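To keep things clear, I will list the structure first and then write my remarks on it.
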Amino acid sequence: MIDINLIRENPDLVRENIKKKFQDKKLPLVDEVIALDSEKRALQREGDERRAKRNSLSKSIGALMKEGKKAEAEEVKLEVKENNDRIAVIEARAAEIDVQLKKDMMSIPNIIAADVPVGKDDSENVQWNTYLEAAEKPFEVPYHVDILERLGGIDLDSARRTSGNGFYYLTGDVARLHSAVLTYARDFMIDKGFTYVIPPFMIRSDVVSGVMSFEEMDGMMYKIEGEDLYLIGTSEHSMIGRFMNTVIDESRLPITLTSYSPCFRKEKGAHGIEERGIYRIHQFEKQEMIVVCRPEESDYWYEKMWSYTVELFVSMGIPVRTLVCCSGDLADLKYRSLDVEAWSPRQKKYFEVGSCSNLTDAQARRLGIRFKNSKTGKNEFAHTLNNTVVAPPRMLIAFLENHLQEDGSVFIPEVLRKYMGGKEKIIPVK
RNA sequence: GCAGAGAUGGCGGAGUGGUCGAACGCGCACGACUCGAAAUCGUGUUACGUGGGAACACGUACGGAGGUUCGAAUCCUCUUCUCUGCGCCA
């Protein structure tokens, strides 16, 4: 959500930004907002005047009653009543405008960074850099489910019976590896100075509607029957909800947090949920990082955050590349975003394992996340950022494929061994 | 889960239908006093919106939503949370 003042003062900039994102169908919203906004202000002026009149007349009624002038008081009452009828009309119209204005403002995208490459969709994202050599294996790398099954690490058949498609049982050393990756990632972020948080895994509807649009909610969120609660799709939901409608003491900034949570997603209409495997699933676990900071610091934290993810993957020996999201691929709240992709020796291409975003003040404005600026004494919107540290089991696909040996065993890199009871490899059971 | 009590500014805490954005205290800022500081005294100190160059004016907000009333922090309904007691439970 951008500042409405920007639309009042510089509508061309906002239009230009919409065009860069190939959302031309949203261009009329700018004029609609300008019209609604001026109507709203006119209504507010009249409403304020009439309310001021009501207040003073009501006070005079009190005075008249004290003096015992009942008849005169009744006359004034009639006058107030008439005034109130008009106020009711004004307020009803103002409420209508507010709803429409909010809807429009929510769909007008955040102003994107000047250096974001212009492009229609994810096919026009731009590779930024690669880390570690994306080597091909001297043998054929099987589909990840086949690797997992040979290690005795997955049971999809039972999961389909108990829970349906899109769920899994991980077992034995593979399950342990899954936990080891998360624990290692947690400690990695703690070493970077982030504070570890375990948030609520369910949130109320008012938080949900704060962090996403109705369409996103419908496509992603599982609702608990008979309760005003939803399972979180990412810990970002409960982590950022924590700061909703608060004024943060400036001395607490920047707030740098790393959170763990299971994530639940319907993946309604998404490609791949029908695919056999653990690439796109209804339940996974994720270590996340979020930062709430002063506006002038968000560029700095953005660079830090994605580089931590890269560093983590490299430390586990997994080749990755960074990909700058082009204008058309950026979600509406984002100022800029960078995907981290891991190398798949089987498919001989990279696939997404994480995404780092700077939302500037767009999310904070929508959720009322502010801090008191000690220099100006004013409350200002903070900047918010989020990034994936690591999200298994998807990440395990890259792990297994890259560390698979010709004999079918899977190599465990040094950094994970202390979380695996010292094991150096996982050995196939068949 | 049941019963009772409660939710007011950065904090504590008055206020039970009219001049209450809110007593009083703490904190904070500025000023006076002082060589400087403490103490003391004085002044100021909620947020958001609209109008205005500004001083300022007006409006809205006393957990949240709705209602009664000419007028609501105050009365009514629903709801969320907190505390106390009982119950239940990893």
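The figures here come from the full heavy-atom set of this structure, side chains too, leaving out hydrogens, waters and symmetry mates. Since we're looking at a predicted model, the values are computed, not measured. Letters A, B, ... mirror the listed sequences (proteins, then strands); counts begin at 1.
For A:R54 and B:rA72, the CZ to P distance is 6 Å, given to the nearest whole Å. Rounded to whole Å, the distance from CG on A:N245 to C1' on B:rG63 is 12 Å. Taking atom NZ of A:K81 as the reference point, atom C1' of B:rU68 lies 11 Å away to the nearest angstrom. Taking atom CD of A:E91 as the reference point, atom P of B:rA61 lies 9 Å away to the nearest angstrom. Between A:Q44 atom CD and B:rG52 atom P the separation is 13 Å, expressed in whole Å. Atom P of nucleotide B:rC58 and atom CD of A:E46 are separated by 19 Å, given to the nearest angstrom. Rounded to an integer number of Å, the gap from NZ of A:K53 to P of B:rU60 is 15 Å. One interatomic measurement links the two molecules: CG of A:L43 to P of B:rG49, which rounds to 18 Å at whole-angstrom precision.
Each of A:I4 and A:I61 was assigned the nucleotide of RNA chain B with the nearest heavy atom; the assignment lying further toward the 5' end belongs to A:I4.
Cation-pi geometry between A:K223 and A:Y230 is met: under 6.0 angstrom from the ring centre, within 45 degrees of the axis. A cation-pi arrangement is absent between A:R394 and A:F284, since the terminal nitrogen or guanidinium carbon is not both under 6.0 Å from the aromatic centre and inside a 45° cone about the axis.
The base of B:rG51 is not paired with the side chain of A:D48 by any donor and acceptor separated by under 3.5 Å.
Distance noted for atom P between B:rG12 and B:rC83: 14 Å (whole Å). For B:rG87 and B:rG49, the C1' atoms lie 49 Å apart once the distance is rounded to whole Å. Comparing B:rA5 with B:rG10, their C1' atoms sit 26 Å apart, to the nearest whole Å. Spacing of P atoms, B:rG44 relative to B:rA57, comes out at 14 Å, to the nearest Å. B:rA14 and B:rU79 are spaced 28 Å apart, taking the P atom of each and rounding to whole Å. The gap from the C1' atom of B:rA72 to that of B:rA22 amounts to 14 Å, rounded to the nearest Å. A distance of about 12 Å separates the P atoms of B:rG6 and B:rC76, rounded to the whole Å. B:rG71 and B:rG17 are spaced 8 Å apart, taking the C1' atom of each and rounding to whole Å.
A salt bridge links A:R93 to A:E39: one of the charged nitrogens lies within less than 4.0 Å of a carboxylate oxygen. Between A:R15 and A:D31 there is a salt bridge, since a side-chain N of the basic residue sits under 4.0 Å from a carboxylate O of the acidic one.
No side-chain heavy atom of A:M202 sits less than 4.5 Å from a side-chain heavy atom of A:E227. For the pair A:T322 and A:L338, the minimum side-chain heavy-atom distance is below 4.5 Å. The side-chain heavy atoms of A:V145 and A:I278, taken from C-beta on, include no pair separated by under 4.5 Å.
Taking a pair to require two hydrogen-bonding distances under 3.5 Å in either a Watson-Crick or a G-U wobble arrangement, B:rG71 remains unpaired. Remark: B:rC28 base-pairs with B:rG44; criterion is Watson-Crick or G-U wobble with both hydrogen-bond distances under 3.5 Å. If you check B:rA54 for Watson-Crick or wobble pairing at under 3.5 angstrom, you find it has no partner at all. Across the strands present, B:rA3 finds its partner in B:rU84; the criterion is a Watson-Crick or G-U wobble pair with both atom distances under 3.5 angstrom. Partner assigned to B:rA22 is none, using Watson-Crick or G-U wobble distances below 3.5 angstrom. Base pairing analysis places B:rA39 opposite nothing; no Watson-Crick or G-U wobble pair with both distances below 3.5 Å involves it. Within the shown strands, nothing qualifies as a pairing partner of B:rG17 under the Watson-Crick or G-U definition with both distances less than 3.5 Å. Look at B:rU34: it lacks any Watson-Crick or wobble partner with both distances under 3.5 angstrom.
Checking A:D104, A:I18, A:D12 one by one against A:V30, the side chain to side chain contact (heavy atoms under 4.5 Å, CB included) holds for a single residue, A:I18.
Residue A:N55 places none of its side-chain N or O atoms closer than 4.0 Å to OP1 or OP2 of B:rG71. Taking side-chain N and O atoms only, A:R50 has no distance below 4.0 Å to OP1 or OP2 of B:rC70. Considering only side-chain N and O atoms, A:R51 lies nowhere under 4.0 angstrom from the phosphate OP1 or OP2 of B:rU50.
Counting non-hydrogen atoms under 4.0 angstrom, A:D228 reaches nothing in the nucleic acid. At a threshold of 4.0 angstrom between heavy atoms, the contacts of A:R365 with the nucleic acid are absent.
Of the listed nucleotides (B:rG49, B:rA47, B:rC70), B:rA47 has the atom at the smallest distance from the side chain of A:R370. In the set B:rA47, B:rC70, B:rG59, the nucleotide with an atom closest to the side chain of A:K77 is B:rC70. Taking the side chain of A:N84 as heavy atoms from C-beta on, and the options B:rU50, B:rC70, B:rU60, the nearest nucleotide is B:rC70. Of the candidates B:rG18, B:rU50, B:rC81, B:rC81 carries the atom nearest the A:R204 side chain, counting heavy atoms from C-beta on. Distance from the side chain of A:R45 is smallest for B:rG51 among the nucleotides B:rU60, B:rG51, B:rG59.
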